[in-house]
Undergrad: 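Sharing a structure here in structure tokens format.
Both backbone and side-chain heavy atoms feed into the values below; hydrogens, waters and symmetry mates do not.
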Amino acid sequence: MEVIKDLPEVFEEFAEQRKNSFLAVKTLKDKGVPVVGAYCTYFPKEIAMAMGAATVGLCSTSDETIAEAEKDLPKNLCPLIKSSYGFAKTDKCPFFYFSDVVVGETTCDGKKKMYEYMREFKDVFIMELPNTQGEEALKLWKSEIIRFKEYLEKKFNVTITEDDIRAAIREENKVRRSLKNLYSVMQNDPAPITGQDLFKVLYGSGFKFDRSAIPAEVDALTAKINAEYAEGKMLEKKPRILITGCPIGGATEKVIRAVEDNGGVVVTYENCSGAKSIDKLVDEDNPDVYDALARRYLNIGCSVMTPNPNRLELLGRLIDEYKVDGVLEMTLQACHTYNVETLAIRRFVNEQKGLPYINVETDYSQADIGQLNTRIAAFIEML
């Protein structure tokens, strides 16, 4: 087993991975490695990986560039969209700057229109994501994955074989399995680590360009956490919180801190920053690699899907497996699909799972930290 450092040091290294990768992406570019940037969990990264490209999530979780974005975009737009566009427009995101192409997707209306403006200064490839998950939608999504593959082949003058794609699928599935195993340590009660530390690994691993190196590193970390837990090293017993809703990262990590500074522990994340992105594997035995990818990605339970049973299925499973005491849903202002869906999530959590639920609506400013602490502290005290 690989020898690793003390847990706090490892968690901080993952937390700093995004910043450390700023230089790494330039090194890749200097070596002639293509870089493909994306914003969404629906991005089928295995297609880009199959041609030897590095894939990276682009900057979108800070209010640093929102004022610049609002010169072009409405103020009452989702902060994630404004932040994405602002970082792109100002060239303050090294990942965006060094990306040869940005892959967009038709998840919500705001992003679709934002990509139109982004295309004025960057090569953006838009994938037509269906908003339903039936067989007809699957046909469309499979054809979009093939169209994306053909686009990359033409743009970079390469051939992407099905064997290349199968190899990429196996490699990324290994990453998902390792992260899921790490994730499962939080099924222990009391929890072995804080939700903030778990999040550092989940978020930071997305910025490691050598995907093949991740499983060994994460497996070693999981083994160390389990070994220390067996020795009695764990948190004191606290109310166990599941976070669902919009993607968390950067500015919205204030919600995680509000939970854990006020007596709770976040044991699981259902959203894109957590289980939603790693829960399902691509079927390695499916002889049709494009069908396998299409099924895996289209089945993600995002609020843009209608109906959206897969989100409730995952949410219910996590509630049971992680012995959750309460559910906190974080929605971003002007994120219409997630905000509309809060009623369905509240009903599911209250009526079917018999648990307390709270929704907090926020943005990327720090102005509401006091209010968040007050509301979340009251919620945890009630548990």
Undergrad: The test is side-chain contact (heavy atoms from CB on, under 4.5 Å); show your working for I145 and S143 and say whether it passes.
TA: CA-CA 5 Å; I145 290 174; S143 70; over 6 Å; no
Undergrad: Using 0.5 Å steps for rounding, measure from the CG atom of L138 to the CG atom of D291.
TA: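 The CG atom of D291 is 5.5 Å from CG of L138, to the nearest 0.5 Å.
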Undergrad: Before you tell me yes or no, could you show the steps for K154 and E150 under salt bridge (charged side-chain N to carboxylate O under 4.0 Å, His left out), namely the whole-Å CA-CA distance, both residues' side-chain angles and the distance that decides it to 0.1 Å?
TA: CA-CA 6 Å; K154 184 176 180 181; E150 292 171 347; over 6 Å; no
Undergrad: Heavy-atom distance under 4.5 Å between the side chains of I345 and Y338, does that happen here?
TA: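 The answer is no; the side chains never approach within 4.5 Å.
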Undergrad: Kindly indicate whether the side chain of N188, heavy atoms from C-beta on, has any atom under 4.5 Å from the side chain of M234.
TA: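 Side-chain contact under 4.5 Å: no.
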Undergrad: Taking the side chain as every heavy atom from C-beta outward, state whether L242 and V267 have any pair of such atoms under 4.5 Å apart.
TA: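 No, side chains not in contact.
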Undergrad: Between the side chains of T362 and D368, does any donor sit under 3.5 Å from an acceptor?
TA: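 D368 and T362 do have a side-chain donor-acceptor pair below 3.5 Å.
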Undergrad: For residues Y357 and F379, establish whether the separation of their ring centroids is below 6.0 Å.
TA: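 Y357 vs F379: aromatic centres not under 6.0 Å.
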Undergrad: As a quick check of understanding, evaluate salt bridge (charged side-chain N to carboxylate O under 4.0 Å, His left out) for R147 and E144, giving each step before the final call.
TA: CA-CA 5 Å; R147 188 171 70 89; E144 284 298 284; 2.7 Å; yes
Undergrad: CD1/I193 to CD/E228 distance, rounded to the nearest 0.5 angstrom?
TA: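 I193 atom CD1 to E228 atom CD measures 10.5 Å (nearest 0.5 Å).
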Undergrad: Taking side chain as C-beta onward, heavy atoms only, is Y115 less than 4.5 Å from R119?
TA: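 Heavy-atom side-chain distance check fails, nothing below 4.5 Å.
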Undergrad: Take a 6.0 Å sphere around NZ of K31 and say whether it holds more than 12 heavy atoms from other residues, nucleotides or ligands.
TA: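 Not more than 12 within 6.0 Å, no.
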Undergrad: In the structure I gave you, are the side-chain heavy atoms of F95 and R18 within less than 4.5 Å of one another anywhere?
TA: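 Result yes, sub-4.5 Å side-chain heavy-atom pair found.
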Undergrad: Taking the six-membered ring for Trp, is the centroid-to-centroid distance between F43 and Y39 below 6.0 Å?
TA: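 Ring centroids of F43 and Y39 are no less than 6.0 Å from each other.
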Undergrad: Report the C-alpha separation of K200 and D197 in whole Å, then their side-chain angles, then the decisive distance to 0.1 Å, and conclude whether the side-chain contact (heavy atoms from CB on, under 4.5 Å) test is met.
TA: CA-CA 5 Å; K200 287 171 185 175; D197 284 339; 3.2 Å; yes
Undergrad: Quick one, P44 and M127 - any side-chain contact, counting heavy atoms below 4.5 Å?
TA: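 Side-chain contact under 4.5 Å: yes.
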Undergrad: Out of R166, K45, R177, which one pairs with E172 under the salt bridge (Lys or Arg N to Asp or Glu O under 4.0 Å) rule?
TA: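 The passing option is K45.
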Undergrad: Nearest 0.5 Å, please: how far is CG in D100 from CZ in F125?
TA: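 Nearest 0.5 Å value for the CZ-CG distance: 15.0 Å.
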Undergrad: Between atom OG of S277 and atom OH of Y203, what is the distance when rounded to the nearest 0.5 Å?
TA: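 That separation rounds to 12.0 Å.
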Undergrad: Using 0.5 Å steps for rounding, measure from the CG atom of L221 to the CD1 atom of I225.
TA: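 Rounded to the nearest 0.5 Å, the CG-CD1 separation comes to 4.0 Å.
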Undergrad: Evaluate side-chain contact (heavy atoms from CB on, under 4.5 Å) for R296 paired with I169, printing each intermediate quantity in order.
TA: CA-CA 11 Å; R296 186 266 171 198; I169 287 171; over 6 Å; no
Undergrad: How about C59 and C93: are their SG atoms under 2.5 Å apart?
TA: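 Their SG atoms fall under 2.5 Å; a disulfide, then.
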Undergrad: Hey, what's the ring geometry for F199 with Y269, parallel, tilted or perpendicular (30° and 60° as the breaks)?
TA: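 Aromatic pair F199/Y269 classed tilted.
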Undergrad: Should we say atom CG of N157 is surrounded by more than 12 heavy atoms from elsewhere, each under 6.0 Å from it?
TA: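 No, because the 6.0 Å sphere around CG of N157 holds 12 heavy atoms or fewer from other groups.
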Undergrad: With side chains defined as the heavy atoms from C-beta onward, is the minimum distance between F22 and F207 less than 4.5 Å?
TA: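 No, side chains not in contact.
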